[in-house]
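Data first, discussion second: the structure below is written as structure tokens.
If you read the sequence from its start, that first residue is 1, and numbering goes on from there. Indexing begins at 1, ligand by ligand and atom by atom, following the structure's order.
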Amino acid sequence: MNRKKGSQSCDVLVLGAGPGGYAAAIRAGQAGLKVVIVEGEKAGGTCLNVGCIPSKALIHAASYFQKVKACEQDNPFGISLGVGAATIDLSKTIDWKNGIVSRLNKGVEGLLKKAGVLLITGWGRMLDGKTCEVSGTDGPMLIHADHVILATGSVVTPLPSLPFGGKVISSTEALALTQVPDKLVVVGGGYIGLELGTAFAKFGAEVHVVEFADHILPHYDREIGKVVMQSLKSLGVTVSTGAAAKHLSEDGSGLVVGLADRSEVTLPADKILVTVGRKPRLDGWGADSLYLTMRDGFIAINDKCQTSMTDVYAIGDVTGEPMLAHRAIAQGELVADILAGKPRRFDPVSIPAICFTDPEVVSAGVSPDEATAAGHELMVGEFPFAANGKAMAGAAETGFVRVVARKDNHLVLGIQAVGKGVAELSAAFGLALEMGARLEDIAATIHAHPTQGEALQEAALGALGHPLHI
Ligand code: FAD
């Protein structure tokens, strides 16, 4: 890792080396700009260290364990295990997950180095719009920059009545547990809570999800939520919707929850995982000494990711929803391109959102309700995986693909899917939307057989009124 004492001046200073910050730094470095990136923890940010990657590693291990366990029981594949019950040593799983994270940390550091970027490890504090003081292990250092990119990301939101500590944990601690809790209560039925809740249920925990809204996955449409709900039930996960987590019971053994019918119940819990959202990281880096305009609690930016201050840009979670790694990366690349003199503006037709539950959920563009609310007359086609040969052959018949298009010109406005492995279809969905596909474009594209992707073609054919396989 590069580290130098004293002061530095550069063309671009990036504060925070999460997906947004490191993407901006690499791209700017590749363009020949002199770039310094400051990171208080490890390169890769939330996503790589305590977010996207470790959670997907745990989800994968949990599914693997579940499949092995399935071989102990009657299954339709004729596979059986004759060597006793499957067991899991979660500490080994965590070691494996940590190994992946550490390889990726090194990978990001290597990419920064290759692009000629100076990575400084330490906590940065902006003194003004062009100067940052870094307090690293080698003592304080000043960095002067012509341009600043703020990429400080986000932090978990605690519940005031249920502060983190003891058995009350955040996703960060959940991803480091070395023992499967017998009873896990998950507060928050959004994507992070359900991904981790599903993983721990597969590891063998008794999981109870408490969601304040009247349905799980409040950011997705209800039809999708219903499919996930069904599968949670079959995994043995209990879900209470319209329920409010209150506080630890007096003896500390469980969580007091107010239910939809106004009664109160105490859910016994070895761990209580609170996943009620994330908030922009605005503390500790000198935001108060800058003149940044805020919008809904986030740093306000325009379509070039410029803040209200000249030469100060902001990207990623600190700038608003959707708080997703690929949005941060896209914004980071965009700002670097602008600083390198390219005309760019941020106007994605879709930022696909994925929930890695079982089945997975993908949503790109708008749902039928959102399109209707925007005043469009619609053509909607939906194709069930139950009628897709590959899905049947892969025991993945749950779910569907849905295409939403304008009635007047058949322009595709949104594509949603719920089903096993549909996360990998998100690239096709995003491409169709970015390329301005019409229903006929998708319908006329020859889709390889047998694949679950054929359901996309069939959904488009369905919207046009002539599906083939249903
Ligand atoms: P961050 O990744 O938060 O990075 C900000 C960095 O800035 C951090 O490394 C921090 O240490 C550093 N920093 C902050 N202040 C300072 C300072 N003063 N000095 C120096 N450094 C500083 N998104 C997806 O797209 N897909 C997923 O599957 C997904 N899964 C997730 C699962 C979990 C459990 C969680 C918690 C999040 C998940 N996310 C996922 C969200 C994703 O992690 C974030 O959207 C993404 O990391 C945002 O990137 P960022 O660069 O804006 O900020």
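Atom 38 (C) of ligand 1 has as its closest protein heavy atom Tyr191 OH, 3.3 Å. Of the protein's non-hydrogen atoms, Gly153 CA, 3.1 Å is the one closest to atom 53 (O) of ligand 1. Annotation: atom 3 (O) of ligand 1 to nearest protein heavy atom, Thr46 OG1, 2.6 Å. The nearest heavy-atom contact from the protein to atom 26 (N) of ligand 1 is Cys52 SG, 3.8 Å. Among protein heavy atoms, atom 9 (O) of ligand 1 sits closest to Glu39 OE1, 2.7 Å. Atom 49 (O) of ligand 1 has its closest protein heavy atom at Pro19 CD, 3.4 Å. For atom 44 (C) of ligand 1, the nearest protein heavy atom (residue, atom name, distance) is Asp317 OD2, 3.3 Å. Of the protein's non-hydrogen atoms, the one nearest atom 51 (O) of ligand 1 is Gly20 N, 2.9 Å.
The N/O atoms of Met323, backbone and side chain alike, include one that comes under 3.5 Å of an N/O atom in ligand 1. The N/O atoms of Ile192, backbone and side chain alike, include none that comes under 3.5 Å of an N/O atom in ligand 1. Below 3.5 Å of separation, one finds no N or O of Trp285 facing any N or O of ligand 1. Close N/O approach between Gly40 and ligand 1 is found [any backbone or side-chain N/O within under 3.5 Å]. For the pair Ser55 and ligand 1, the shortest N or O to N or O distance does not fall below 3.5 Å. For a threshold of 3.5 Å applied to N or O pairs, the pair formed by Ser171 and ligand 1 contains no separation below that value. Below 3.5 Å of separation, one finds no N or O of Trp123 facing any N or O of ligand 1. The N/O atoms of Lys42, backbone and side chain alike, include none that comes under 3.5 Å of an N/O atom in ligand 1. Not a single N or O atom of Leu175, backbone or side chain, sits closer than 3.5 Å to an N or O atom of ligand 1.
The closest approach between a heavy atom of Ala174 and any atom of ligand 1 is not below 4.0 Å. In this structure, Phe356 counts as a contact residue of ligand 1, since one of its heavy atoms falls inside 4.0 Å of the ligand. Within the structure, the closest approach of Val155 to ligand 1 does not fall below 4.0 Å when heavy atoms are considered. Using a 4.0 Å cutoff on heavy atoms, Arg278 counts as a contact of ligand 1. Every heavy atom of Arg327 sits 4.0 Å or more from the atoms of ligand 1.
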Indicate every side-chain donor-acceptor pair of residues 38-48 with a distance under 3.5 Å to a residue at least two apart or in another chain.
{"from": "Glu39", "atom 1": "OE1", "to": "Ala17", "atom 2": "N", "distance (Å)": "2.7"}
{"from": "Glu39", "atom 1": "OE2", "to": "Glu41", "atom 2": "N", "distance (Å)": "2.7"}
{"from": "Thr46", "atom 1": "OG1", "to": "Arg278", "atom 2": "NH2", "distance (Å)": "3.4"}

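Counting the atoms of ligand 1 from 1 in the order shown, those under 4.0 Å from a heavy atom of Gly18 are 2 (O), 4 (O), 6 (C), 51 (O). Short contacts between ligand 1 and Val50, defined as distances under 4.0 Å to a heavy atom of the residue, involve ligand atoms 34 (C), 36 (C). Near Ala328, meaning under 4.0 Å from any of its heavy atoms, are these atoms of ligand 1: 49 (O), 52 (O). Using a 4.0 Å cut-off to heavy atoms of Ser154, the atoms of ligand 1 that qualify are 3 (O).
Other residues, nucleotides and ligands contribute only 12 or fewer heavy atoms inside 6.0 Å of the CZ atom of Phe212.
Side-chain contact, Ser91 with Asp89: a donor N or O sits under 3.5 Å from an acceptor N or O. Using modelled atom types, one finds no donor on one side chain facing an acceptor on the other under 3.5 Å when comparing Asn105 with Ser102.
Taking both residues in full, the closest heavy atoms of Met323 and Tyr191 are given as O-OH, 4.3 Å, listed atom of the first, atom of the second, then distance.
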*Kindly indicate, with the supporting measurements, whether the criterion salt bridge (Lys or Arg N to Asp or Glu O under 4.0 Å) is fulfilled by Asp221 and Arg402.*
CA-CA 12 Å; Asp221 63 76; Arg402 180 208 289 141; 3.0 Å; yes

_Run the salt bridge (Lys or Arg N to Asp or Glu O under 4.0 Å) test on Glu206 and Lys183 for me, step by step, so that the C-alpha distance in whole Å, both residues' side-chain angles and the decisive distance to 0.1 Å come before the verdict._
CA-CA 5 Å; Glu206 195 180 302; Lys183 290 179 194 304; 3.3 Å; yes

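Residue-level proximity to ligand 1 for Ala325 is carried by backbone and side chain together, each with a heavy atom below 4.0 angstrom.
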